[in-house]
Amino acid sequence: SSNFDIQYHIYTLALKLYLEQRKPDFDYENEFGGVLYLFLRGVDSDKKNSGIYFDCPSKKIIDELESSMGELING
């Protein structure tokens, strides 16, 4: 079992926090394009879009993750 969904949610949060520092008016919903994974072992030229995964986690989910991570870090 893989945990790519957990991984990309954490990466998304890290990127959101970084962009908010670099660009104070960063708007997640309008400026974040999403997550694209390319699983090279899963690519099959006979099957359209095989090995390709895209998702754009909602702002609500990323905000909830941020809050949970803050609670873990800050106690």
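- Closest non-hydrogen pair, F54 versus G34, comes out as CE1-CA, 3.8 Å.
- Atom CD in E31 sits 8.0 Å away from atom CG in L19 (nearest 0.5 Å).
- Between the CG atom of D27 and the NZ atom of K59 there is a distance of 8.0 Å, given to the nearest 0.5 Å.
- Side-chain rings of F4 and Y37 approach one another, their centers coming within less than 6.0 Å.
- Without hydrogens or angle criteria, S50 side chain to D44 main chain gives a donor-acceptor distance under 3.5 Å.
- Counting heavy-atom neighbours within 6.0 Å of Y18 OH, excluding the residue itself, gives a total of 12 or less.
- With values rounded to the nearest 0.5 angstrom, L36 atom CG is found 11.5 Å from C56 atom SG.
- By the 6.0 Å contact criterion, NZ on K23 is enclosed, its count of non-hydrogen atoms from other residues, nucleotides or ligands being greater than 12.
- Rounding to the nearest 0.5 angstrom, the gap separating the CZ atom in F32 from the CD1 atom in I62 is 7.0 Å.
- For the atom pair E29 CD and K60 NZ, the distance stands at 12.0 Å (nearest 0.5 Å).
- To the nearest 0.5 Å, atom CD of residue E64 and atom NE2 of residue H9 are 10.0 Å apart.
- In this structure, V35 and T12 approach most closely via the heavy-atom pair CG2-OG1, 3.4 Å.
- Put simply, the side chain of S67 never gets that close to the backbone of D63: no donor and acceptor are under 3.5 Å apart.
- Side-chain atoms of Q7 do not come within 3.5 Å of backbone N or O of N3 as any donor-acceptor pair.
- Both Y8 and M69 sit in one connected hydrophobic cluster of ILVMFWY residues. Membership requires side-chain heavy atoms under 4.5 Å apart, directly or through other members.
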Give the intermediate values and the outcome of side-chain contact (heavy atoms from CB on, under 4.5 Å) for residues Q21 and L17.
-> CA-CA 6 Å; Q21 285 183 338; L17 295 172; 6.0 Å; no
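- Taking the six-membered ring where tryptophan is involved, the planes of F26 and Y28 are perpendicular, since the angle between them exceeds 60° and thus also 30°.
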